[in-house]
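Written below as structure tokens is the structure these notes are about.
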Amino acid sequence: MPELPEVETVRRSLEERLLGLQIKKITINHHSVIAAPEVPAFQENLLEQTFLQVGRRGKYLIFDLTSNWKMVVHLRMTGRLVYGDAGMPLLKHTHVIFSLDNGAELRFTDPRRFGRIWLVPAQDIALISGLSTLGPEPLGGEFSPEVFQEQLHRRKTKIKSLLLDQRFIAGIGNIYADEILFRSCIHPERSADSLSDEEIKCLFQSVIDILQEAVEHRGTSFSDYVDGLGAKGTHQNYVKVYQRAGNNCLRCGGVIERMKIGSRSAYYCPQCQK
DNA sequence: AGTTACACCTGGGTGC
DNA sequence: TGCACCCA
DNA sequence: GTGTAAC
């Protein structure tokens, strides 16, 4: 499940290869992954375009092109965007193939087909659902401890739900929400306004540290995730609670448990996280 | 405002 | 081996 | 992972 660290790793690996390459052909095998515009317009406006830059906002990848249009990709749960030789084996569920002017290809593969690709005029980028309402980038300068604290004070929702809310903070998903709360020793069901200033300070720093460490490890590869060149990340070897129910806590030796919060699994240590 | 249920999909793992 | 179920 | 509808 690509979250901020995975999307950032894809961004970096693609940017290494894609800049200056031109799209010569677009093969679309499954139309539903193209969110906008209609498929013919998508192809017409993208053909002959050259990649100028690869950006990221939250879990969205943003490709700057020669024209005044931008291509935006969200990988959702199982999406992959991989650059490689045209001869590389064709994976099942490859929905879009961008053929490039150096003979290589950029392929979008997604078994569950939740992922989406948009092509929009630059001035309309805010119209993409979820993109304009994103909260601050946790690894960017806009993420302030004072604002974070003030927001937490006036919210009564469970802290894990708040960390997953992209309007509150951009880029955190189920794996890192659990890892961040474990690092901060905070129970996922605590209401946001019940946290002490001390706990909030620790939580703020854990958000930054956990995400940074995961970026350094090039993301977490449990099942589908690979970077823009098809390589797995290594952060799965450093995960402390996610998908570890029934195993011993690496900090206190207690047993990790799983519970449901907002119809999603939450993994935590009942001894360490109060 | 907070919470839950479900929709969108396929595949891997489990237990019988 | 098949099938129902849960999970991601 | 996200959007929508419902209580």
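Reminder, nothing fancy here: chain letters follow the sequence lines and each chain counts from 1.
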query: A:Thr157 near the nucleic acid: base, sugar-phosphate alone, or nothing, with a heavy-atom cut-off under 4.0 Å?
result: sugar-phosphate
task: Taking only the side-chain nitrogens and oxygens of A:Lys59, find out if one of them lies under 4.0 Å from OP1 or OP2 of D:dG1.
output: yes
message: With the threshold set at under 4.0 Å for non-hydrogen atoms, list the residues of residues 142-149 of chain A touching DNA chain C in residue-number order.
response: none
- request: Following the transitive rule for hydrophobic clusters with a side-chain heavy-atom cut-off under 4.5 Å over Ile, Leu, Val, Met, Phe, Trp and Tyr, establish whether A:Leu131 and A:Val73 coincide in one cluster.
  value: no
field: Most 5' of A:Ser161 and A:Ser263 on DNA chain B, judged by nearest nucleotide
entry: A:Ser161
- prompt: For the pair made of CZ in A:Arg258 and C1' in B:dT14, what is the distance, rounded to whole Å?
  reply: 13 Å
task: For B:dT4, take OP1 and OP2 only and decide whether either is under 4.0 Å from a side-chain N or O of A:Lys260.
output: no
message: Tell me the interatomic distance from A:Leu164, atom CG, to B:dT4, atom P, rounded to whole angstroms.
response: 13 Å
message: What is the distance, to the nearest angstrom, from the CG atom on A:Leu134 to the P atom on D:dG1?
response: 14 Å
Within residues 113-121 of chain A: residues closer than 4.0 Å to DNA chain B (heavy atoms): A:Arg113, A:Phe114
message: Quick check for you: among B:dG11, D:dG3, C:dC7, whose closest atom lies nearest to any side-chain atom of A:Lys92?
response: B:dG11
- prompt: Cationic tip of A:Arg251 within the cone over A:Phe182's six-membered ring, i.e. under 6.0 Å and within 45° of the normal?
  reply: yes
message: Would you call the rings of A:His30 and A:His95 parallel, tilted or perpendicular, taking 30° and 60° as the class edges?
response: perpendicular
message: Please report the distance separating the P of C:dC7 from the corresponding atom of B:dA5, rounded so that it comes out in whole Å.
response: 13 Å
statement: A:Asp178 atom CG is separated from C:dA8 atom C1', nearest whole Å, by 13 Å
query: What nucleotide among B:dG2, D:dT2, B:dG11 has an atom nearest to a side-chain atom of A:Arg155?
result: B:dG2
message: salt bridge (Lys or Arg N to Asp or Glu O under 4.0 Å), that's the test. Do A:Arg244 and A:Glu257 meet it? Break it down for me.
response: CA-CA 8 Å; A:Arg244 292 196 65 247; A:Glu257 288 185 12; over 6 Å; no
- request: Taking the six-membered ring for Trp and the single ring otherwise, decide whether the centroids of A:Phe204 and A:Phe143 are under 6.0 Å apart.
  value: yes
query: So, is A:Arg264 close to the C:dA8 phosphate, meaning a side-chain N or O under 4.0 Å from OP1 or OP2?
result: no
message: Any side-chain N or O of A:Gln166 below 4.0 angstrom from OP1/OP2 of D:dG1?
response: no
message: Roughly how many Å apart are B:dT3 and C:dA8, using the C1' atom of each and rounding to a whole number?
response: 22 Å
message: At less than 4.0 Å, is any side-chain N or O atom of A:Tyr267 found next to OP1 or OP2 of C:dA8? Yes or no.
response: yes
field: For atom CG of A:Asp110 and atom C1' of D:dG1, their distance in whole Å
entry: 11 Å
- prompt: Under a 4.5 Å side-chain heavy-atom rule over Ile, Leu, Val, Met, Phe, Trp and Tyr, are A:Leu61 and A:Leu229 clustered together?
  reply: yes
query: If you take all heavy atoms of A:Ala170 and A:Gly135, which pair is closest and at what distance?
result: CB-O, 3.6 Å
Salt bridge flag under 4.0 Å for residues A:Glu137 and A:Arg56: yes
query: Given atom CD1 of A:Ile128 and atom P of D:dT2, what is their separation to the nearest angstrom?
result: 14 Å
A:Arg113: salt bridge (charged side-chain N to carboxylate O under 4.0 Å, His left out) partners, not counting sequence neighbours: none
field: Nucleotide C:dA8, atom C1' - distance to CG of A:Leu75 in whole Å
entry: 16 Å
message: Could you tell me if the side chain of A:Tyr176 sits less than 4.5 Å from the side chain of A:Thr220, heavy atoms only?
response: yes
message: Under a 4.0 Å threshold between the charged nitrogen and the carboxylate oxygen, would A:Lys59 count as salt-bridged to A:Glu6?
response: no
query: How far does the P atom of C:dC3 sit from the matching atom of B:dC9, given to the nearest Å?
result: 24 Å
Spacing of A:Glu3 atom CD relative to D:dT2 atom P, expressed in whole Å: 9 Å
task: State whether the distance check finds a donor on one side and an acceptor on the other, under 3.5 Å, for side chain A:Arg112 versus base C:dA8.
output: yes
Atom of A:Val241, atom of A:Glu179 and distance for their closest heavy-atom approach: N-OE2, 2.9 Å
field: Short side-chain N/O contact from A:His93 to OP1 or OP2 of B:dT10, under 4.0 Å
entry: no
field: Rounded C1' spacing from B:dC8 to C:dA4 in Å
entry: 22 Å
task: Just call it for A:Tyr225: base, sugar-phosphate, or nothing, with non-hydrogen atoms closer than 4.0 Å on any strand.
output: nothing
task: Could you tell me whether A:Met1 contacts a base, only the sugar-phosphate backbone, or nothing, with contacts defined as non-hydrogen atoms closer than 4.0 Å?
output: sugar-phosphate
task: Indicate, with a heavy-atom threshold strictly under 4.0 Å, whether A:Thr78 touches base, sugar-phosphate, or nothing.
output: nothing
- prompt: Heavy atoms under 4.0 Å, any strand shown: does A:Asp224 hit a base, just sugar-phosphate, or nothing?
  reply: nothing
query: Base, sugar-phosphate alone, or nothing: which one does A:Phe168 contact when heavy atoms must sit under 4.0 Å apart?
result: nothing
